[in-house]
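See structure below.
No hydrogens, no waters, no symmetry mates; every other heavy atom, side chains included, goes into these values. Chain naming here is simple, since letters A, B, ... match the order of the sequence lines and numbering starts at 1 in each.
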Amino acid sequence: MTKIKVRFAPSPTGHMHIGNTRTALFNWLWAKKMGGEFMLRIDDTDFARSKKEYEDSMRESLKWLGLVWSSEARQSARFERYKEVTEKLIQDGRIYPCYETPEELEFKRKRALSKGLPPIYDRQALNYTKEDIANFEKEGRKPHYRFKLNDGEIKWNDAIRGEVKYEASNLSDPIIIREDGSYLYHLPSVIDDSDFGITHILRGEDHVTNTASQIQMFEAIGGFVPTFAHLPLLTGKEGKLSKRLGSLGVRELRADGVENMAICSYLAKLGTSEEIRSFYSLEDLAQTLDFSKIGRAQPKFDVEELKHFNVKHIHTMPFDAVKDRLKVNEEFWNDVKANLEKVEDVDVWNNICNGEVSPQVENKTLTDMAADLLPKEPWTDETFNVWLGEVKAKSGLKGKDLFHPIRLALTGEASGPELKTLLPLIGYKKAYERLKGNKA
RNA sequence: GGUCCCAUCGUCUAGUGGUUAGGACGCGGCCCUCUCAAGGCUGCAACACGAGUUCAAAUCUCGUUGGGAUCACCA
């Protein structure tokens, strides 16, 4: 059995978004689970839209997510190779020149549609005479090229969708070279997958039809046909795949305090029969990947749900998973994590316990009394209960009337970890001053 | 419009002819805490529609409706 190799092949025409991330993640997880290799390939054949800035941004997001790659390639650096293959394919009669303008093509499509016909390319270019071509050249028209699909049934066994088949006659011959000589994604992608020994192609189901034509390309260049797996596309809350989903960037999520492993856990399990639960390492998550548990329907992605999941993810996050980013020790982390909405908020509590806080005085009589009753250190586990019992007895207050003013005075916040946990962390001196209404 | 895919609680899903249609998330209630949060328990809630096959259909067949993908000189 050959070693498996997968690739994530983004086009640097935007930042990493949730759809991209999901594809990259599944590829990475599959490689990890199978002990294979994960490759990054920059599909920058579209000069007009590709930008270095986006490429850098994607690399950064990928690294932040933990989706590291062990090798990489760039399509714009491989044009010589594509040209070589193309020339051979032209000789084989699998690639042919066409001279229609985009406008003419658009017109043909519209006309076909209005007649109730499928807007499939009519292969008019296959019937050009030498004179036709000479005339086009004389007009100054430059050819674009299409890959000729052979008639017949194309089928493959999709790792997610099972057996898939298409009749080639229902497909358009894909354009593979633009009028300006640049390549479109189809053929370079196949050449690269073949040259780099990609064994599995996992991508969104928007590519299923492409797969049919690409299988013929793999065969035409004499390459190994990889195994395909097509993930159902994520849809937005409203049903349609919204533009918002496309623009929902990893960078924004990160800035909002969403944890990388929350994103990965959520995306890996959404749309599967497994419950969405937190994983704290990609390796653990990888072991649970199972194509047979991926549904065929399109799951709805809801960013609010992700954010909610993220909060729970933080509440149970082990110290080891965050310690590199923390200034506090394990005990402190465990005391406050269940109240955090973002990891960085641990600083807020660190400051409340160790820094200076301006107390809010809600019931001065009560907090003054509480200050006077507060025993000096050393404290024991029972100190808080004993102290509060006295305050309760003396003030006659209980429940919220009792706790709220004290919490506000002690922490300056209306909610947070249990006061019993917090008090020892704050210490006598600060606690006393704050209860007295002084900044401390 | 052609081709392909899909359809079970609000959401993600289990279910492969006989189930009180199960779980998870969310939502409601209760409990725990002398407060909030966190936590525990519990409740509400679904087979898109219509035929057919069958003793029996969420499950099989056909149709309808609805959703999605693709049919780009984007990837």
Side-chain angles (χ1 to χ4, degrees), chain A residues 9-14 20 43-46 48-50 75 98 100-102 105-106 109 112-121 142-146 158 161-162 164-167 169-172 174-186 188-189 203-213 230 232-233 235 237 239-241 266 269-277 293 295-302 304-305 308-309 311-312 315-316 336-341 385 388-389 391-392 397-408 413-420:
Chain A
S11 177
T13 54
N20 258 346
D43 278 16
D44 54 353
T45 53
D46 187 343
R49 299 194 306 144
S50 297
Q75 295 200 316
C98 303
E100 294 94 340
T101 62
L105 255 16
E106 181 61 23
R109 272 193 294 273
L113 240 19
S114 72
K115 285 203 291 195
L117 263 25
I120 293 172
Y121 179 59
K142 291 242 187 279
H144 57 277
Y145 292 83
R146 287 183 189 259
D158 195 286
R161 300 162 74 87
V164 183
K165 39 186 167 180
Y166 278 93
E167 201 53 55
S169 59
N170 289 322
L171 271 26
S172 271
I175 295 175
I176 55 160
I177 300 178
R178 294 185 183 87
E179 188 184 321
D180 66 5
S182 63
Y183 287 86
L184 276 94
Y185 133 94
H186 288 93
S189 180
R203 50 181 12 174
E205 71 179 6
D206 48 335
H207 282 285
V208 290
T209 322
N210 290 337
T211 298
S213 44
H230 291 93
L233 259 21
T235 60
K237 209 176 177 181
K240 269 231 163 76
L241 180 84
Y266 186 81
K269 297 307 173 196
L270 178 66
T272 72
S273 55
E274 294 175 278
E275 69 174 292
I276 297 176
R277 65 186 175 93
K293 291 188 173 165
R296 277 91 174 127
Q298 299 175 332
K300 286 177 186 55
F301 175 85
D302 180 353
E304 289 312 314
E305 204 173 292
H308 189 268
F309 173 74
V311 171
K312 298 195 74 166
H315 290 170
T316 53
V336 304
K337 70 180 180 186
N339 282 274
L340 303 177
E341 290 202 358
N385 287 339
L388 211 80
V391 178
K392 183 185 180 189
L397 297 173
K398 62 177 183 177
K400 194 174 181 180
D401 291 338
L402 175 68
F403 272 77
H404 202 249
I406 291 180
R407 172 179 291 283
L408 240 24
E413 299 284 337
S415 68
E418 278 192 54
L419 285 178
K420 186 179 175 177

Looking across every strand, which nucleic acid part, if any, lies under 4.0 Å from Ser11(A) by heavy atom: base, sugar-phosphate, or nothing? sugar-phosphate
May I have the step-by-step check of side chain to side chain contact (heavy atoms under 4.5 Å, CB included) for Leu402(A) and Val391(A), ending in yes or no? CA-CA 8 Å; Leu402(A) 175 68; Val391(A) 178; 3.9 Å; yes
Using a heavy-atom cut-off of 4.0 Å across all strands, would you classify Lys312(A) as base, sugar-phosphate, or nothing? sugar-phosphate
So what does Asp180(A) touch, heavy atoms closer than 4.0 Å: a base, only the sugar-phosphate, or nothing? nothing
Phe309(A) CZ to U11(B) P, in whole Å, measures 20 Å
Using atom P of each nucleotide, how far apart are A72(B) and A14(B) to the nearest Å? 34 Å
How is His144(A) classified with respect to the nucleic acid when contacts are heavy atoms under 4.0 Å: base, sugar-phosphate, or nothing? base
Give one of base, sugar-phosphate or nothing for Arg109(A), where a contact means two heavy atoms less than 4.0 Å apart. sugar-phosphate
Rounded to whole Å, the CG-C1' distance (Leu340(A) to A37(B)) equals 11 Å
Any donor-acceptor pair under 3.5 Å joining the side chain of Arg296(A) to the base of C5(B)? no
Closest nucleotide among C36(B), A24(B), C73(B) to the Glu275(A) side chain: A24(B)
Nearest to the side chain of Pro102(A) - C73(B), C71(B), C34(B)? C73(B)
Does His186(A) form a side-chain hydrogen bond (donor to acceptor under 3.5 Å, both in side chains) with Ser213(A)? I'd like the steps, not just the answer. CA-CA 9 Å; His186(A) 288 93; Ser213(A) 44; 4.8 Å; no
Integer angstrom distance from the C1' of C47(B) to that of C60(B): 16 Å
Could you check if a side-chain atom of Pro232(A) sits within less than 4.5 angstrom of a side-chain atom of Pro299(A), using non-hydrogen atoms only? yes
Which part of the nucleic acid does Lys392(A) contact within heavy-atom distance under 4.0 Å: base, sugar-phosphate only, or nothing? base
From A75(B), G1(B), C4(B), pick the nucleotide closest to the side chain of His207(A)? A75(B)
Looking at the side chain of Glu418(A), which of A14(B), C71(B), C36(B) is the nearest nucleotide? C36(B)
Between Tyr266(A) and Phe301(A), what is the ring plane arrangement, given parallel below 30°, perpendicular above 60°, and tilted in between? perpendicular
Please measure how far the P atom in C5(B) lies from the corresponding atom in C27(B), and state the result in whole Å. 38 Å
Using only heavy-atom distances, determine whether the side chains of Ser415(A) and Arg407(A) contain a donor-acceptor pair under 3.5 Å. no
Within the 4.0 Å heavy-atom criterion, would you say Asp43(A) contacts the bases, only the backbone, or no part of the nucleic acid? sugar-phosphate
Taking 4.0 Å as the cut-off, does a side-chain nitrogen or oxygen of Thr45(A) come that near to OP1 or OP2 on A75(B)? yes
Which of G2(B), G68(B), C36(B) is nearest the side chain of Glu205(A)? It is G68(B)
Mind checking Asp401(A) for me? I need base, sugar-phosphate or nothing, with any heavy atom below 4.0 Å counting as a touch. nothing
Classify the nucleic acid contact of Glu274(A) as base, sugar-phosphate or nothing, counting any heavy atom under 4.0 Å across all strands shown. nothing
Do Gln75(A) and Tyr185(A) meet the criterion of a side-chain donor-acceptor pair at a distance under 3.5 Å? no
How far does the C1' atom of G28(B) sit from the matching atom of C44(B), given to the nearest Å? 7 Å
Given atom CZ of Arg277(A) and atom C1' of U11(B), what is their separation to the nearest angstrom? 20 Å
In whole Å, measure the gap between the P atoms of A46(B) and A21(B) for me. 12 Å
Can you see if the side chain of Lys300(A) gets near the phosphate of C12(B) - specifically, an N or O under 4.0 Å from OP1 or OP2? yes
If you look at every strand shown and take non-hydrogen atoms under 4.0 Å, does Glu179(A) touch a base, only sugar-phosphate, or nothing? base
Which listed nucleotide (C12(B), C73(B), U3(B)) is nearest to the side chain of Pro299(A)? C12(B)
Taking atom types as they are modelled, is there a donor-acceptor pair under 3.5 Å from the base of A75(B) to the side chain of Asp206(A)? no
Determine which nucleotide pairs with A24(B), using a 3.5 Å limit on both distances of a Watson-Crick or G-U wobble pair. U11(B)
Check every strand shown and say whether Leu402(A) touches a base, only sugar-phosphate, or nothing at a heavy-atom separation below 4.0 Å. base
After noting the C-alpha distance and the side-chain angles of Ile176(A) and Arg146(A), does the key distance pass the side chain to side chain contact (heavy atoms under 4.5 Å, CB included) rule? CA-CA 5 Å; Ile176(A) 55 160; Arg146(A) 287 183 189 259; 6.0 Å; no
Should U59(B) form a Watson-Crick or G-U wobble pair with both distances under 3.5 Å, which nucleotide is its partner? none
A48(B) and U59(B): how far apart are their C1' atoms, nearest whole angstrom? 16 Å
Whole-Å distance separating the CG atom of Asn170(A) from the P atom of C71(B): 14 Å
Sort out the partner of A46(B) for me: Watson-Crick or G-U wobble, both distances under 3.5 Å, none otherwise. none
Identified pairing partner of A69(B), criterion: Watson-Crick or G-U wobble below 3.5 Å: U3(B)
What's the gap between C62(B) and C71(B) when it is taken at their C1' atoms, as a whole Å value? 28 Å
Distance under 6.0 Å and angle within 45° of the ring axis: does Arg178(A) meet both against Tyr183(A)? no
Once you round it to whole Å, what is the distance between P of C12(B) and CD of Glu304(A)? 16 Å
Could you check how far CD1 of Ile120(A) sits from P of C4(B), rounded to whole Å? 11 Å
So what does Ser182(A) touch, heavy atoms closer than 4.0 Å: a base, only the sugar-phosphate, or nothing? nothing
How would you label the contact of Gly271(A) with the nucleic acid (heavy atoms, under 4.0 Å): base, sugar-phosphate, or nothing? sugar-phosphate
Same-atom distance (C1') from A45(B) to C12(B), integer angstrom: 15 Å
Within the pair Arg203(A) and A69(B), is there a side-chain N or O less than 4.0 Å away from OP1 or OP2? no
If we call it a pair only when both distances are under 3.5 Å in a Watson-Crick or G-U wobble match, what pairs with G39(B)? C31(B)
With nearest nucleotides of RNA chain B determined for Thr13(A) and Gly116(A) from heavy-atom distances, which residue corresponds to the more 5′ nucleotide? Gly116(A)
Does a sphere of radius 6.0 Å around CD in Glu106(A) hold more than 12 heavy atoms from other residues, nucleotides or ligands, not counting ones at 6.0 Å or beyond? yes
5′-ward residue of the pair Val164(A)/Phe403(A) relative to RNA chain B: Val164(A)
Indicate whether His308(A) forms a stack on G26(B); treat it as stacked only if centroid distance is below 5.5 angstrom and interplanar angle below 30 degrees. no
From His230(A), Gln298(A), Arg296(A), residue fulfilling side-chain hydrogen bond (donor to acceptor under 3.5 Å, both in side chains) relative to Glu205(A): Gln298(A)
Ranking A69(B), A37(B), C34(B) by distance to the side chain of Leu388(A), first place goes to C34(B)
Checking all strands, does Ile176(A) fall into the base, sugar-phosphate, or nothing category for heavy-atom contacts under 4.0 angstrom? nothing
